[in-house]
Amino acid sequence: MLKMAGAPVKLGSIISFCIVLYAVYFRRNDISDERLSPVKEHLLFLESENRVGVGISQPKVALGYGACHDLFVNATSLINYRDLKGNPEHFNEISTKEEFVKSFTYFFKHGAAAERFMSNSKLYDDLVEQALKLPDTRWAIGGNAPLMARRFFIEGWKVMFGAKMSEKLKSYIPEEILIVGGDKNEEVRDDVHMILEYKADEMFGIYKAPRANRYIMHNDENNPLLSSLEKLGEHLPSFKPNLLVISGLQMMDNFPFKQVDRDLRAERLDLVREQILSQPLNTLAHFEMASYVDLELLQHLTTKVLPYVDSVGMNEQELSNLNSVLEHGQVVVVADSNPRIATALDQMRNTFRLIREKNKAFGSNRKLTRMHVHTLAYQAIMTVQNSDWKRTAAAAAKASLTAHRYVCNTQNIDLGKTKLLLDDSFSTTTDNDNTSRVFFEPNKPVACWEETIEGDKVEICVAPVLICTEAQLTAGAGDNISAAGLVLQVEI
């Protein structure tokens, strides 16, 4: 009888517990909707109220350099974990399959984006052949310049970019975009990049990816030489761009400069500098950072490119690397894939100071007046007040929306496929004195404030990213996000 009497009590307890769980679950969903919906609506409002490229006047952008075929591959379908011999390890250049597997695993376990050159052409071709046999492999156009060019075009800009491309590769580009770089009837062998993608929480043996990302492998022949540089320069005077975008220089990391006179690389970068300097000051210059590992190349960038641009764009890995090279002369191979806002802002401030010092040291007529850092969780844009950059808050909002749309591969913002990583408040610096905290307001999610850095008044805006929880695309996200941020900031 005691057992029978106790049964209803136990069953009742279980039912009560389930009701509590049910209530908690739906309460969390309600809280999530309470945050997500107003964030979405306000970001969309800022975007719609700040459109460009509408009417008679079209802003114009010129971009360099290079293009390629991107071969998208499911990383863990192509690479076998059993081929990992020893511990994950970083290599600046990949020459064997063992190095390839170790290098991929190293970045996979950190969820960090990476781009590496494979010097072994036979191994590279074999991997491409294996990838083409997989059912979910697909081709697309690749390269910073083409991807950013297409985004500018979508947003209403008139676009020209420099690249040597086959007719097949050109077919991926809207006809209205002017492509310069190759000669008519010239036979072009397009470079191929393998984009090894993986999703958040995906497993590779004992390792689990903390976030969705990609590992890029290339064996380029054209892009490292910036073969379209001169042709782009010939067309710039007649095109008269409002914005010049410098990108793709990471392809110079290795080949062919180890086999040929390495001075050739410095000479090509001198020509990039001259191309920037040839533009009137009212043509703004933006440098798009990327994954660099060659210290000598990075040091060239700090003397031949960075002192002469108005704007720099990068992700959290690239920010950490650039900051370290400028301050300590050291490369950072991998950094926190989801850094605190305070950490990123401190690095932005320091990088801004160091590049402004380069402006002075090299007597540049241009000064760095804009920085954009895009991360998984937020967009951070810093602009100098009274500079040529406008609409910083709207630009951060548009960059955030573009991050979601591109990664989810849709124009619609589906809150069912969305999450926020930002807390209810954040500190603006790691030197926290409890006076630098910003509270997150879903009804006004883009936080902006003013600061003074080395005598310059700047505006900093931080926008939360409506993170796509069902990632369809990872490679190219940074190019689209960075271009979207620039779209609203150039006044014509």
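Positions are given from 1, in the same order as the sequence printed here.
Under the 3.5 Å distance criterion, with hydrogens and angles disregarded, no donor-acceptor pair is assigned to the side chains of Glu115 and His218. A side-chain donor from one of Thr76 and Glu202 sits under 3.5 Å from a side-chain acceptor of the other. Side-chain contact annotation: Ser291 with Glu318, donor-acceptor N/O pair under 3.5 Å absent. For the 3.5 Å distance criterion, the side chains of His404 and Asp414 fail to qualify, holding no donor opposite an acceptor.
Residue pairs satisfying the salt bridge (charged side-chain N to carboxylate O under 4.0 Å, His left out) criterion with at least one member in residues 297-309, sequence neighbours excluded, are listed as follows: Asp270-Lys304. Pairs engaging residues 396-405 under the salt bridge (charged side-chain N to carboxylate O under 4.0 Å, His left out) rule: Glu47-Lys398, Glu47-Arg405, Glu155-Lys398 [sequence neighbours left out]. Within the structure, every pair that satisfies the disulfide bond (SG atoms under 2.5 Å apart) test and touches residues 309-409, not counting sequence neighbours, is listed here: Cys408-Cys468. Evaluation of the salt bridge (charged side-chain N to carboxylate O under 4.0 Å, His left out) test over residues 383-395, restricted to residues two or more places apart or in two chains, returns Arg391-Glu491.
The residues Arg356 and Asp456 are annotated as salt-bridged, a charged nitrogen and a carboxylate oxygen being separated by less than 4.0 angstrom. Classification of Asp294 and Arg265 as a salt-bridged pair holds, one side-chain N sitting under 4.0 Å from a carboxylate O. The pair Glu316-Arg211 meets the salt-bridge criterion, with a side-chain N (NZ, NE, NH1 or NH2) lying under 4.0 Å from an Asp/Glu carboxylate O.
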*Intermediate values then yes/no, side chain to side chain contact (heavy atoms under 4.5 Å, CB included), Ile355 and Met371*: CA-CA 11 Å; Ile355 294 178; Met371 291 181 68; 5.6 Å; no
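Listed by chain and residue number, Glu167 satisfy the salt bridge (Lys or Arg N to Asp or Glu O under 4.0 Å) test with Lys170 (two or more places apart in sequence, or in another chain). Residues satisfying the salt bridge (Lys or Arg N to Asp or Glu O under 4.0 Å) criterion with Lys60, sequence neighbours excluded, are absent altogether. Residues that satisfy the salt bridge (Lys or Arg N to Asp or Glu O under 4.0 Å) test with Glu357, not counting sequence neighbours, are absent from this structure. Applying the ring-ring contact (aromatic ring centres under 6.0 Å, His included) criterion to His286, with sequence neighbours excluded, gives no partner residue. Tyr215 meets the ring-ring contact (aromatic ring centres under 6.0 Å, His included) test with Phe104; sequence neighbours excluded. Taking the ring-ring contact (aromatic ring centres under 6.0 Å, His included) definition, one finds that Tyr406 meets it with nothing, sequence neighbours left out. Residues satisfying the salt bridge (Lys or Arg N to Asp or Glu O under 4.0 Å) criterion with Arg150, sequence neighbours excluded, are absent altogether. Looking at residues two or more places apart in sequence or on another chain, you find a ring-ring contact (aromatic ring centres under 6.0 Å, His included) between Tyr106 and His110.
In this pair, Tyr172 and His69 present their aromatic rings perpendicular. The plane angle is above 60°, beyond the 30 to 60° band.
Residues Gly181 and Ser228 come closest through the heavy atom pair CA-CB, 3.8 Å.
The backbone N or O of Gly111 lies less than 3.5 Å from a partner atom in the side chain of Asn213, making a donor-acceptor pair.
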